[in-house]
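Predicted, not measured: the structure shown is a model, and the values here were computed from it. Computed over heavy atoms, backbone and side chain alike; hydrogens, waters and symmetry mates excluded. Here is the naming used below: chain letters follow the sequence lines, and residue numbers restart at 1 for every chain.
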Number of protein chains: 2
Amino acid sequence: MAVTIRDVALQAQVSVSTVSRALSAPGLVKEATRQRVLDVVAGLGYQPNRAARSLITGRTGNLGIVVPDLLNPFFPSVLRGVQTKAGEAGTSVFFCDSREDPDTEAELVRTMAAQVDGVVLCASLLSDDTIVELAAMTPLVLINRIVPGVSSVLMDSASGMDQVVAHLESLGHEDYTYLGGPAAAWSNGRRIQGLAGRARLLGSFEPNFNGGYAAAEQALGTGATALICYNDLIALGALAYLAAHDVKVPEQISVTGFDDILYATMCSPALTTVHMPTEAAGEVAVDLLASLLDGGPAEHRELPTTLVVRASTTRRPGA
Amino acid sequence: MAVTIRDVALQAQVSVSTVSRALSAPGLVKEATRQRVLDVVAGLGYQPNRAARSLITGRTGNLGIVVPDLLNPFFPSVLRGVQTKAGEAGTSVFFCDSREDPDTEAELVRTMAAQVDGVVLCASLLSDDTIVELAAMTPLVLINRIVPGVSSVLMDSASGMDQVVAHLESLGHEDYTYLGGPAAAWSNGRRIQGLAGRARLLGSFEPNFNGGYAAAEQALGTGATALICYNDLIALGALAYLAAHDVKVPEQISVTGFDDILYATMCSPALTTVHMPTEAAGEVAVDLLASLLDGGPAEHRELPTTLVVRASTTRRPGA
DNA sequence: TTGAAAGCGCTAACAA
DNA sequence: TTGTTAGCGCTTTCAA
């Protein structure tokens, strides 16, 4: 077996409790003793057994994150933020992908709950009630979702959408269609709010490339001069459909996305979209979780979004 | 506190050992007893404490994966495969992103080692020696890397590269340039092997969009009629550079990628690239890890790659 | 087929 | 400032 706290105690000629304290409550040990212990620890390469520690403290030192779709670049970026912040605190992170399925999502959170100190739930498709129930089971922080009494961090969709519409109107557009995401997605509702009735609503579509391709097909008949998409993946799908049908973007029709994933810069035309501070959101979520674990109250943070104007939007044809 | 094994024992009127056996060694318990225990377990919603179990068995029921860059869509896809397979066995997965830094990578594996049953190391930038050392510390499975004595699963780059070159030659190309990835990346060496001296070598470049943009700038002077890129992200960067400088792809110059990330279908022109079975690789890695944990020997698996011809390649100009 | 009891490695009273 | 000791919740001998 690996080296235990007793080996360290023996070699440092102190009791196990002194070793334990030297490591986790340095203030309670005489400096000289502490140094001796630390030397032995380093020499032996001792690493405390997390299971044993966890058994006593009730803390695991782990946290979990569940996202709807790892293949949407939006989410790995959130993961990265979570890992960065958690890593600083020596916390490890479990991940899970619910594949856009609410039942799987709830199941995953329940499973995780047993082995983490808390979980970050991203773009949840669950009902408010289920979320509240889950939050009673384990410290929970929501990303891009608001449920009363549950901590959350929001990348402000409504304001982002507002910027999109303002941008299109400044270009003379008057008739635009919103290609909506999943009905169960809270962000979708939020974006529709941001539209404030100023757009024709279509959808719901799957929030991925194929969904966008299908969406564009439906949208083309509406006579809209601009397509506002639920997210970049849908926008990219729409772009592909339009290209395949010789509809020029942005000359004939403008297209906007949401999220500002890496691809939004790479595609052609580059996508006008709303930038979301994904990594920052992940980091803030970890902070909120930490404050929850310290016994703090549920908190809500809002992160600003910014419209990034690229090549997929231009003046309304004939305007 | 949560419900413990004693609560179950009490209510089922058996000893704790019987409960334990009913749960983890059903054969050793009379069927009727077992059923009674199971009923109580369900009724109470009992979940065994993993820390306590782990303390005794020495197994954590967790595994870890470290990848160089979560923002490269190639890796989330591997993650997904790992999670899928691990989830089936009730195993949870820790993830870490090394940000393309070998020191960080080694550090992450060492940290993980203490709290997982094994780790999957993806596209490692470490030296063979370090990897061997790590493998002595914890069960280890490599993805896209071969080190003698260490389990690994390979998506066959050399053959993929061979297909790329054969494809270009069938289109009449004679002069092509390879835009290389990181020198420390084993896959890069492997791909160069696959080229078998048939291409001009340029690089190394960062394996991302910016790297590709810079790479194309250098490559344009070489007079090559085709650019073979280390990965799709580099190819995408190259595409962007070429578009910005009015070089028509594929009319003036053909471009190929590697990995077949989702975006390779979405870009314009859609990218001719080598499809990598990423999710499958993740799943196989988990299998290999499991066999390692069962005391099996280090194994090596190779997964086939296939060239996917899309719109970014065509006949050599003037051919 | 079952139960009693001894720990796994650690932390946290409680004493000294 | 340090040591002694009693468990945390579970699995696994060993006996019955």
- Note on the structure: From CG of A:Leu10 across to P of C:dG9 the rounded distance in Å is 14 Å
- Note on the structure: With the side chain defined as heavy atoms from C-beta on, A:Lys30 is closest, among C:dG7, D:dT1, D:dC8, to D:dT1
- Using whole Å, report how far CG of B:Leu28 lies from P of D:dC14. 15 Å
- Message: So, does A:Thr33 get its side chain near the phosphate of D:dT2, meaning an N or O under 4.0 Å from OP1 or OP2?
- Response: yes
- Message: Could you tell me how far apart A:Arg6 (CZ) and D:dT5 (C1') are, to the nearest whole angstrom?
- Response: 12 Å
- Item | Aromatic ring pairing A:Phe95/B:Phe95, orientation class (parallel under 30°, perpendicular over 60°, tilted between) | perpendicular
- Roughly, in whole Å, what's the span from CD1 in A:Ile56 to C1' in C:dC8? 12 Å
- Message: Using salt bridge (charged side-chain N to carboxylate O under 4.0 Å, His left out), reason through B:Arg110 and B:Glu105 one step at a time and then give a plain yes or no.
- Response: CA-CA 9 Å; B:Arg110 270 186 261 270; B:Glu105 192 186 327; over 6 Å; no
- Query: Among side-chain atoms of A:Thr18 and A:Arg36, is any donor-acceptor pair under 3.5 angstrom?
  - Reply: no
- Choose from D:dC10, C:dT11, D:dC8 the nucleotide whose nearest atom is closest to any side-chain atom of A:Leu55. D:dC8
- Taking NZ, NE, NH1 and NH2 as the nitrogens, is one of them in B:Arg34 or B:Asp39 under 4.0 Å from a carboxylate oxygen of the other? no
- In whole angstrom, give the distance that lies between atom CG of B:Asn49 and atom P of C:dC10. 16 Å
- Item | Atom-to-atom span, CD1 of A:Ile5 to C1' of C:dT11 - whole angstrom | 8 Å
- B:Gln47 CD - D:dC8 P separation (whole Å): 20 Å
- Query: Among all residues two or more places apart in sequence or in another chain, which pass the side chain to side chain contact (heavy atoms under 4.5 Å, CB included) test with A:Leu28?
  - Reply: A:Arg21, A:Ala25
- Message: What's the separation between atom CG in A:Asp101 and atom CD in A:Glu107, rounded to the nearest 0.5 Å?
- Response: 10.5 Å
- Message: Please enumerate all residues that pass side chain to side chain contact (heavy atoms under 4.5 Å, CB included) together with B:Ser77, with sequence neighbours excluded.
- Response: A:Leu71, B:Thr278, B:Glu279
- Item | DNA chain C contacts among residues 13-23 of chain B, heavy-atom distance under 4.0 Å | B:Val14, B:Ser15, B:Ser17, B:Thr18, B:Arg21
- What's the closest nucleotide to the A:Val29 side chain, out of C:dT2, C:dC10, D:dT2? D:dT2
- Let me know the distance between CZ of A:Arg53 and C1' of D:dG9, rounded to the nearest Å. 18 Å
